[in-house]
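This one's a predicted model, so the numbers in the text were calculated from it and none came from an experiment.
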Amino acid sequence: MIKEHENRSFSVRQGNFFSPRFNITAGVPQGSDLAPDLYNIYTADIPQTPNTLLATFADDTALLSTSDDISIAAHNLQHHTSLIEAWCKNWLIKINESKSTQKYLLCAIRRYIKIHNSINLVVQKTAWSEMQKAGDEERQMALENGEVDVDGIPMCTVIADGQWSKRSYKSKYNALSGTATIIGKRTRKVLFVGIRNRYCVVCQRASNRNEKASEHECFLNWSKASTAMEADGVVEGFSRSIEMHSLKYNKLIGRFYLNCLLPELVDPLYGKRLLISDIRDPDDILEKQQERFKIVALKKIKKN
């Protein structure tokens with residue numbers, strides 16, 4: 001599989017003229033099924049620091065730093081930037097300097113909280129409205145296909161997965177926030193998002209100053225391990241399915257903490273425990289999982 005992506009080359013076309021071919025000595029192929037996985041493997045060890053937040057989406061990367069002192073925030077950003085610069089040089093990754101900028105957002109804490117809460121309210125209303133629409137579609141499809149439980153409540157298959165605020169590759173499972181998302185299989189639309197936060201900027205600021213936090217809307221709702229965020233969020237989504245959508249999630253597609261999740265899905269909500277036989281992985285997920293195993297195995301063979 002890896003050999004298929006070796007000995008790659010490129011040329012430039014202008015009209016009917018082609019440039020000579022040049023070898024591609026770094027990077028991953030674009031447009032292939034393996035491209036996202038290969039890119040994630042290629043960038044898995046991108047540097048992180050305790051004083052900054054690394055946010056990535058595809059090949060876009062952002063660094064965030066907050067502090068009461070702008071010089072400290074700038075120093076933390078520069079330190080992290082220098083680490084990434086050295087890492088990129090080592091792995092032959094070229095940074096587009098024309099698209100790289102550093103911005104300072106200066107705002108009094110009270111104004112910041114006011115703006116934050118205002119944006120949060122709009123996001124919540126929009127998300128809730130879209131999830132309601134998705135639930136209506138899934139319920140209608142279930143009724144049309146006769147997928148109804150003995151108590152008359154429609155049932156549907158869902159896909160579930162979790163996300164965290166920072167990358168974790170078999171180590172440093174210490175994200176400060178995480179989400180669990182449940183998606184309707186037929187509509188491919190989001191039915192539920194459960195958010196877990198171990199951090200509140202207002203509470204933390206007050207704690208740093210040994211003061212009592214001022215009255216505010218606190219988003220801190222989790223004190224357990226980061227690894228448990230996903231399972232707990234999915235359990236919440238299942239327990240609220242009837243309340244939110246008048247639906248039962250009777251089939252689950254996903255790979256996560258089954259032992260943590262299954263004991264929670266019991267009477268009286270669904271009338272029975274969700275069995276392991278009810279949880280299944282579609283062929284495409286299994287195939288991609290096998291592909292990942294092959295890549296890891298081939299890398300280890302090449303090292304030895």
Side-chain angles (χ1 to χ4, degrees), residues 39-40 42-127 162-169 171-179 193 195-227 229:
Y39 181 80
N40 286 336
Y42 198 78
T43 60
D45 60 344
I46 188 170
Q48 300 189 48
T49 73
N51 298 317
T52 54
L53 174 65
L54 174 73
T56 60
F57 181 78
D59 59 349
D60 293 325
T61 303
L63 302 178
L64 303 165
S65 178
T66 61
S67 175
D68 293 336
D69 189 332
I70 191 172
S71 62
I72 294 177
H75 176 270
N76 292 338
L77 281 177
Q78 184 56 55
H79 172 64
H80 199 167
T81 302
S82 299
L83 293 177
I84 291 180
E85 182 181 15
W87 176 82
C88 289
K89 185 177 180 181
N90 182 52
W91 290 107
L92 304 179
I93 298 175
K94 183 174 177 58
I95 299 175
N96 190 335
E97 296 181 3
S98 64
K99 294 184 178 180
S100 302
T101 60
Q102 180 170 311
K103 295 182 179 181
Y104 297 97
L105 303 178
L106 305 179
C107 184
I109 184 61
R110 289 184 180 178
R111 179 170 173 76
Y112 168 80
I113 293 174
K114 183 178 179 180
I115 295 173
H116 180 277
N117 291 345
S118 176
I119 294 173
N120 174 62
L121 187 61
V122 174
V123 171
Q124 280 189 348
K125 286 184 176 179
T126 304
Q163 307 84 34
W164 287 268
S165 60
K166 64 179 289 187
R167 292 185 173 193
S168 298
Y169 293 92
S171 63
K172 296 183 179 179
Y173 293 97
N174 57 357
L176 295 178
S177 63
T179 63
V193 176
I195 300 174
R196 301 292 180 269
N197 286 313
R198 299 174 59 194
Y199 179 84
C200 170
V201 64
V202 178
C203 293
Q204 187 61 48
R205 187 188 295 271
S207 176
N208 293 342
R209 296 176 175 177
N210 294 320
E211 300 175 353
K212 182 179 179 181
S214 58
E215 186 176 344
H216 66 287
E217 185 178 359
C218 184
F219 296 98
L220 195 154
N221 62 359
W222 189 253
S223 59
K224 300 178 183 178
S226 299
T227 52
M229 290 177 175

Let me confirm one number: the [atom1]-[atom2] distance from [X] to [Y], rounded to the nearest 0.5 Å.
X: Thr179; Y: Trp164; atom1: OG1; atom2: CH2; result: 8.5 Å
X: Gln163; Y: Ser177; atom1: CD; atom2: OG; result: 10.5 Å
X: Thr66; Y: Leu77; atom1: OG1; atom2: CG; result: 9.5 Å
X: Ile84; Y: Thr61; atom1: CD1; atom2: OG1; result: 6.5 Å
X: Leu64; Y: Asn51; atom1: CG; atom2: CG; result: 13.0 Å
X: Arg196; Y: Leu220; atom1: CZ; atom2: CG; result: 12.0 Å

Taking side chain as C-beta onward, heavy atoms only, is [X] less than 4.5 Å from [Y]?
X: Asp45; Y: Trp87; result: yes
X: Ile195; Y: Trp222; result: no
X: His216; Y: Cys200; result: yes
X: Asn120; Y: Glu217; result: yes
X: Ser214; Y: Val202; result: yes
X: Leu63; Y: Leu54; result: yes
X: Asn76; Y: Thr49; result: no

Qualifying residue, where the test is side chain to side chain contact (heavy atoms under 4.5 Å, CB included) with Ile119 and the options are Val122, Asn117, Val123: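 Result for side chain to side chain contact (heavy atoms under 4.5 Å, CB included) with Ile119: Val123.
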Is [X] reaching over with its side chain to a backbone N or O of [Y], donor-acceptor style, under 3.5 angstrom?
X: His80; Y: Pro47; value: yes
X: Asn221; Y: Asn197; value: yes
X: Ser118; Y: Lys114; value: no
X: Ser207; Y: Cys203; value: no

Closest contact, heavy atoms only, [X] versus [Y]:
X: Ile95; Y: Ser100; answer: CG2-OG, 3.6 Å
X: Met229; Y: Ala175; answer: CE-O, 3.7 Å
X: Trp91; Y: Tyr42; answer: O-OH, 2.7 Å
X: Thr52; Y: Ser65; answer: CG2-CB, 4.0 Å

Is [X] atom [atom1] crowded by more than 12 heavy atoms from other residues, nucleotides or ligands, each under 6.0 Å away?
X: Glu215; atom1: CD; value: no
X: Gln102; atom1: CD; value: yes
X: Glu85; atom1: CD; value: no

